[in-house]
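Some notes on the structure that comes next.
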Amino acid sequence: MEYHFGEIEKKWQDYWERNKTFRTETDFSKPKYYILDMFPYPSGAGLHVGHPEGYTATDILSRYKRMKGYSVLHPMGWDAFGLPAEQYAIQTGTHPALTTRKNCDTFRRQIKALGLSYDWDREINTTDPGYFKWTQWIFIQLYNTWYDQESGRGRPVSELPVPAQVTGNGKEAVRRYIDDRRLAYYDHAQVWWCASCRTVCANEEVLTDGSHEKCGHPVVRKNLKQWLLRIPHYAERLLSGLDDLDWPEGVKDMQRNWIGKSRGAEIDFRIIGRETTLRVYTTRPDTLFGATYMVISPEHPLTGELVTPEHREAAAEYIRAASLKSDLDRTELAKEKSGVFTGSYAENPVTGEPIPVWIADYVLMGYGTGAIMAVPAHDTRDFEFAHKFGIPVTCILDPTGAPAETREEVLAGRACWTGDGKYIRSAHPARGIDLNGLHKEQGIAEITRWLEEKGIGKATVNYKIRDWLFSRQRYWGEPFPVIHWEDGEVTLDEELPVLLPDMERYEPGEGGESPLANAREWLQVTGRDGRRGRRETNTMPQWAGSCWYYLRFIDPRNQERIFDPALEKYWMPVDLYIGGAEHAVLHLLYSRFWHKVLFDLGIVSTDEPFRKLFNQGMILAFAYETAAGAKVSSDLVEESDGGFRHRVTGEPLNQIVAKMSKSLKNVINPDDVVSQYGADALRLYEMFMGPLDERKPWAEKGVKGVFNFLNRVYRFFTDPASIREGEEDPQVLKALHQAIRKVTSDLENLRFNTAISALMVFNNTAMKQGNVTRETAEIFVKILSPFAPHMGEELWALLGHDHTLAYEGWPEADETLLVEAHFEYPVSFNGKLRFKLELPLGMPVPEIEKAVIGHGKTSHYLEGKSLRKIIVVPGKIINVVHS
RNA sequence: GCCCGGGUGGCGGAAUUGGUAGACGCGCUGGACUCAAAAUCCAGUGAUAGCAAUAUCGUGCGGGUUCGAUUCCCGCCUCGGGCACCA
């Protein structure tokens with residue numbers, strides 16, 4: 001029979017939909033498996049071939065797990081708040097909700113055409129008031145939570161003990177005290193502002209070159225009143241929680257880096273001639289003897305006090321210039337250090353020496369204490385600075401392990417050494433401190449002990465992670481359930497959801513006002529007491545909706561609560577989460593943060609949301625360039641004699657691998673692939689291309705390869721001459737069970753490419769044999785079906801079944817059929833393979849040796865040489881070692 | 001600069017508690033079927049030399065450990081991703 005994939009696929013997709021084949025029934029008696037895709041932002045462009053990659057992988061596993069007897073939760077939804085729909089609204093006046101609905105419809109249609117087994121009754125959309133009601137609700141929980149350092153967890157603010165001295169200062173003081181501890185707070189903040197998008201954005205959304213991740217335009221600093229979340233309070237938990245997660249090490253490393261934990265000490269320096277002390281943070285307190293100057297950041301609160309009159313003008317100028325600089329200027333372009341002397345001196349607490357205090361923008365206010373002790377001999381940045389401004393460099397650590405030349409330079413203060421060594425010039429007997437001769441680790445411990453004993457410093461831990469800027473000046477996002485009253489009080493609106501108002505125009509203001517500031521009616525509220533207030537006009541960032549969507553899938557239609565706790569307890573955590581590596585830090589860190597807060601509040605039952613994470617690799621495409629490296633659009637390329645040349649100029653071109661892009665005209669549209677080869681072929685090819693986590697180029701010819709395979713399978717198994725009753729041929733039976741074993745273990749390890757290869761191997765064997773038994777055919781169809789589900793259902797039906805095979809039991813490999821009696825040993829001489837020798841597997845080693853020596857070819861290879869020994873690895877290899 | 005990954009035929013990729021390098025697929029070559037083509041089927045296909053048996057070389061480069069290294073160790077080259085004045 002001919003393989004009419006179009007009809008077959010339509011038929012089964014309709015069947016699944018009509019019968020709700022994949023509706024998740026929660027059966028507490030069964031083991032559960034929650035398998036989740038990172039839900040997409042439904043863009044106007046529709047699906048690209050990257051989407052089906054991860055979706056197919058999770059779909060295959062879902063189908064496999066169902067056949068293994070698990071209750072499987074496999075949902076899909078839309079992360080539908082976001083800029084593009086809003087930009088479109090600004091340009092055309094179309095309400096973003098309309099655009100969003102249209103895009104979701106397209107995505108849903110495309111996804112359904114791939115035969116993915118989602119439970120569509122659980123579809124969610126972050127822009128649906130029934131959904132974002134609960135996003136707002138979680139915000140309220142964050143607002144009403146403080147982090148109790150003592151117990152190491154978040155607790156309701158109602159349980160926050162307020163010290164008597166605060167209570168004594170009145171209601172306002174108490175309010176401020178509590179607000180300072182809430183996980184969500186509203187305050188002035190130096191924030192990143194993108195003039196092009198007219199919105200602020202999070203640190204995490206600013207790229208290294210100082211541009212906005214979303215649009216590529218440069219961002220600038222702006223001081224605005226914003227909502228922020230105190231994610232640093234959870235830094236330690238977010239860090240230690242990573243250890244037990246089955247996540248790619250690279251992703252964990254990126255999160256560890258982002259959290260940026262460092263251990264060191266805070267040290268107080270007395271300012272000479274004043275009552276002030278200057279506190280610094282350093283990871284190298286052991287180098288205190290080498291501190292020859294200090295630096296405070298231009299934003300440091302003590303600049304005013306420390307700058308002496310004769311330096312006032314220069315310092316003020318420097319500070320002003322620094323404030324105008326973007327971070328780009330302060331880093332990338334300004335490798336050259338800059339700074340200005342304050343005129344003040346501090347006293348080095350171990351040596352008693354006066355050391356100058358400088359202002360320099362290489363010290364950031366947002367980290368540590370915003371001030372450092374500078375040790376040019378043992379810190380490269382300080383060394384550069386000292387070098388430029390002629391500040392003395394005192395080496396206090398002898399790099400004993402370094403090459404002689406380097407060591408000499410370091411000892412003379414002409415080079416910087418950050419490694420280990422032995423301390424010199426690091427003792428002050430009168431003050432009871434002596435590090436000389438110690439190594440770095442010992443030195444740090446010893447000086448820290450001394451600082452704490454003297455009360456001038458203490459061991460400290462610091463994190464790079466900052467408060468998360470959580471508001472945006474946009475229309476298309478979740479409104480904050482917040483009211484700002486005329487008397488300055490801020491209260492939460494518990495009447496959820498707070499809906500977005502309908503508007504005529506969606507443009508944000510240029511000065512940082514949200515478009516919602518123009519929604520007059522919506523904006524103004526009057527309290528029961530007649531007090532007037534104004535709604536919060538900022539909206540939440542896109543991350544908000546995706547922070548917790550995996551929880552709503554558990555009980556998506558619940559009107560009364562965020563979800564039923566019994567269901568949450570059954571389904572959580574997510575057993576496998578597959579998505580792109582681009583979310584390694586942002587989404588996954590934010591999500592873990594919210595989850596931990598919800599855990600502390602007793603709302604969820606697990607401390608971590610995603611037990612196993614897997615990143616699919618990007619799908620690339622072939623592209624072409626000239627010898628000079630100029631890219632050539634793919635429609636201008638022709639293939640000739642195995643090479644590529646320019647269709648017009650005839651210039652020879654090189655084939656390269658690049659991201660799909662409109663300009664290179666190498667974008668693959670999944671719709672086209674489906675109409676040409678079918679969904680099963682698309683699925684199979686995406687999985688067959690290579691390992692799921694690697695980036696790999698799309699090749700049209702490869703699709704044809706798997707398409708041929710499907711054709712051969714279909715032709716063979718639909719041919720009545722291929723299927724017979726009776727006993728199976730032993731060779732075929734063995735091949736079948738090898739396939740079952742290989743496919744099963746490959747599925748468990750997410751190695752889809754080799755699983756498909758095993759299916760091909762079996763099909764080749766079966767076709768060569770000419771026919772198989774009905775039982776063999778059924779087993780093969782079962783193990784094929786997760787990969788090519790339409791084909792699976794069709795063949796299953798043709799084999800005489802009238803129900804879906806989605807819940808048929810997964811076949812088990814019979815190991816007894818796989819035991820071999822003989823093994824064809826490769827026999828090598830000095831490691832070089834010379835011939836093969838078939839021997840019984842149970843043969844004792846001495847007899848194997850005898851057999852090898854007795855073999856006719858052995859004497860040939862040993863001619864004129866002497867036998868040293870024979871190495872026999874039973875079931876693996878024989879190696880004859882000779883002179 | 002630092003931290004992660006990669007580098008295997010003409011191409012996508014198999015194979016690692018160290019044990020037959022190149023599974024499977026594409027492409028290519030030859031053959032069958034056909035008036036012919038497509039499709040399909042069969043055979044071959046790492047490189048070099050040879051009529052052949054066979055030999056030598058071969059997993060980015062250079063060393064090392066081992067009876068044996070794609071796999072382990074040391075030093076490089078290169079591509080991709082992330083971070084980057086965080087004291």
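Quick note on labels: first sequence line is chain A, next is B, and so on, each numbered from 1.
- Distance from the side chain of A:Met254 is smallest to B:rG82 among B:rG82, B:rG12, B:rA87.
- Rounded to an integer number of Å, the gap from A:Phe622 CZ to B:rG12 P is 6 Å.
- Residue-level contact check: A:Asn708 touches the backbone only, with heavy atoms under 4.0 Å from sugar-phosphate atoms and none from bases.
- Looking at heavy-atom distances under 4.0 Å, A:Lys696 makes contact with sugar-phosphate atoms alone, never a base.
- In this structure, CG of A:Asn615 is placed 15 Å from C1' of B:rG80, rounded to the nearest angstrom.
- Here B:rG19 is the nucleotide among B:rU56, B:rC11, B:rG19 with the atom lying nearest to any side-chain atom of A:Val873.
- A heavy atom lying under 4.0 Å from RNA chain B marks the following residues of residues 744-756 of chain A, by number: A:Asn753, A:Thr754.
- Residue A:Ser262 is in sugar-phosphate contact alone, with no base atom involved, counting any heavy-atom pair closer than 4.0 Å across all strands shown.
- By the 30° and 60° cut-offs, the orientation of the rings of A:Phe780 relative to A:Phe717 is parallel.
- For the pair A:Phe269 CZ and B:rA87 C1', the computed distance is 12 Å after rounding to whole Å.
- Where A:Lys857 and A:Lys876 meet RNA chain B, the nucleotide closest to each residue was compared, and A:Lys876 sits on the side nearer the 5' end.
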Would you sort out whether A:Trp698 and A:Phe622 count as a ring pair (Phe, Tyr, Trp, His ring centres under 6.0 Å), showing the intermediate values? CA-CA 7 Å; A:Trp698 183 274; A:Phe622 289 118; over 10 Å; no
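- Contacts of A:Arg715 with the nucleic acid, taken as non-hydrogen atoms under 4.0 Å apart, involve only primed sugar atoms and P, OP1 or OP2.
- A gap of 26 Å separates the P atoms of B:rC11 and B:rG63, to the nearest Å.
- Both key distances under 3.5 Å define a Watson-Crick or G-U pair, and stretches of 3 or more such consecutive pairs in RNA chain B run B:1-7 with B:77-83, B:10-12 with B:24-26, B:27-32 with B:40-45, B:46-49 with B:54-57, B:60-64 with B:72-76.
- Rounding to whole angstrom units, CD of residue A:Glu384 and C1' of B:rA87 are separated by 13 Å.
- Side-chain contact, A:Glu700 with A:Tyr677: a donor N or O sits under 3.5 Å from an acceptor N or O.
- One side chain, A:Thr754 or A:Asp746, offers a donor N or O that lies under 3.5 Å from an acceptor on the other.
- Residue A:Tyr861 places at least one side-chain N or O under 4.0 Å from the OP1 or OP2 atom of B:rA55.
- With both ends at atom C1', the span from B:rU65 to B:rU56 equals 25 Å, rounded to whole Å.
- Between the P atoms of B:rC67 and B:rC24, the separation comes to 34 Å (whole Å).
- Checking B:rA87, B:rC24, B:rA14 against every side-chain atom of A:Ser757, the shortest atom distance belongs to B:rC24.
- Computed from coordinates, the A:Arg263 CZ to B:rA87 C1' distance equals 17 Å when rounded to whole Å.
- Counting non-hydrogen atoms under 4.0 angstrom, A:Gly260 reaches nothing in the nucleic acid.
- Within the 4.0 angstrom heavy-atom criterion, only backbone atoms of the sugar-phosphate kind lie near A:Asn764; the bases stay farther away.
- Glycosidic conformation of B:rG80: anti, with the torsion beyond 90° of 0.
- With distances taken from any side-chain atom of A:Val761 to the nucleotides B:rA87, B:rC24, B:rC85, the minimum falls on B:rC24.
- You won't find any donor-acceptor pair under 3.5 Å spanning the side chain of A:Lys704 and the base of B:rC26, going by distance alone.
- In this structure, A:Lys857 places its NZ atom where only 12 or fewer heavy-atom neighbours from other residues, nucleotides or ligands lie under 6.0 Å away.
- Side chains of A:Tyr3 and A:Thr718: a donor-acceptor N/O pair is absent below 3.5 angstrom, by distance only.
- One can place CZ of A:Arg712 at 13 Å from C1' of B:rC42, the figure rounded to the nearest angstrom.
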Measure all distances between protein nitrogen or oxygen atoms and nitrogen or oxygen atoms of nucleotides 65-68 of chain B, and list the pairs falling under 3.5 Å.
residue : atom : partner  : partner atom : Å
B:rC67  : O2'  : A:Asn879 : ND2          : 3.1
B:rC67  : O2   : A:Asn879 : ND2          : 2.6

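- Environment of CE in A:Met618: sparse, with no more than 12 heavy atoms of neighbouring residues, nucleotides or ligands closer than 6.0 Å.
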Decide yes or no on salt bridge (Lys or Arg N to Asp or Glu O under 4.0 Å) for A:Lys440 and A:Asp420, but give the supporting numbers first. CA-CA 6 Å; A:Lys440 192 164 150 183; A:Asp420 201 357; over 6 Å; no
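- With respect to A:Ile267, the side-chain contact (heavy atoms from CB on, under 4.5 Å) criterion is satisfied by exactly one of A:Thr369, A:Asn348, A:Leu288: A:Leu288.
- A donor-acceptor contact closer than 3.5 angstrom is absent between the side chains of A:Ser297 and A:Tyr362.
- A salt bridge links A:Lys734 to A:Glu820: at least one charged side-chain nitrogen sits closer than 4.0 Å to a carboxylate oxygen.
- Contacts of A:Arg834 with the nucleic acid, taken as non-hydrogen atoms under 4.0 Å apart, involve only primed sugar atoms and P, OP1 or OP2.
- When the C1' atom is compared between B:rG12 and B:rC61, the two are found 25 Å apart, to the nearest whole Å.
- Here the separation of B:rA23 from B:rA15, taken at their C1' atoms, is 8 Å to the nearest Å.
- Within 4.0 Å of A:Pro691, counting heavy atoms only, lie sugar-phosphate atoms of the nucleic acid but no base atom.
- Of all nucleotides listed (B:rU54, B:rA87, B:rC41), B:rA87 comes nearest to the side chain of A:Tyr367.
- Remark: the backbone N or O of A:Gly290 is not paired with any side-chain donor or acceptor of A:Thr394 at under 3.5 angstrom.
- Distance from the side chain of A:Asp253 is smallest for B:rC4 among the nucleotides B:rA87, B:rC26, B:rC4.
- Rounded to an integer number of Å, the gap from A:Tyr293 OH to B:rA87 P is 15 Å.
- Checking A:Lys832 against A:Glu824, the closest nucleotide of RNA chain B that is more toward the 5' end is the one next to A:Glu824.
- One C1' atom belongs to B:rG19, the other to B:rA53, and the distance between them is 27 Å to the nearest Å.
- If you take CD of A:Gln655 and P of B:rC26, they are 18 Å apart, rounded to a whole angstrom.
- Heavy atoms of other residues, nucleotides or ligands lying less than 6.0 angstrom from NZ of A:Lys261 number more than 12.
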Between A:Phe383 and A:His378, does a ring pair (Phe, Tyr, Trp, His ring centres under 6.0 Å) hold up when you go through it step by step? CA-CA 7 Å; A:Phe383 183 82; A:His378 305 292; 9.9 Å; no
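- A perpendicular orientation is assigned to the rings of A:Trp358 and A:Phe385, their planes being inclined by more than 60° (bins at 30° and 60°).
- Taking atom P on both B:rG25 and B:rC79, the two are 34 Å apart, rounded to the nearest angstrom.
- Taking atom C1' in both B:rG46 and B:rG22, the straight-line distance is 8 Å, to the nearest Å.
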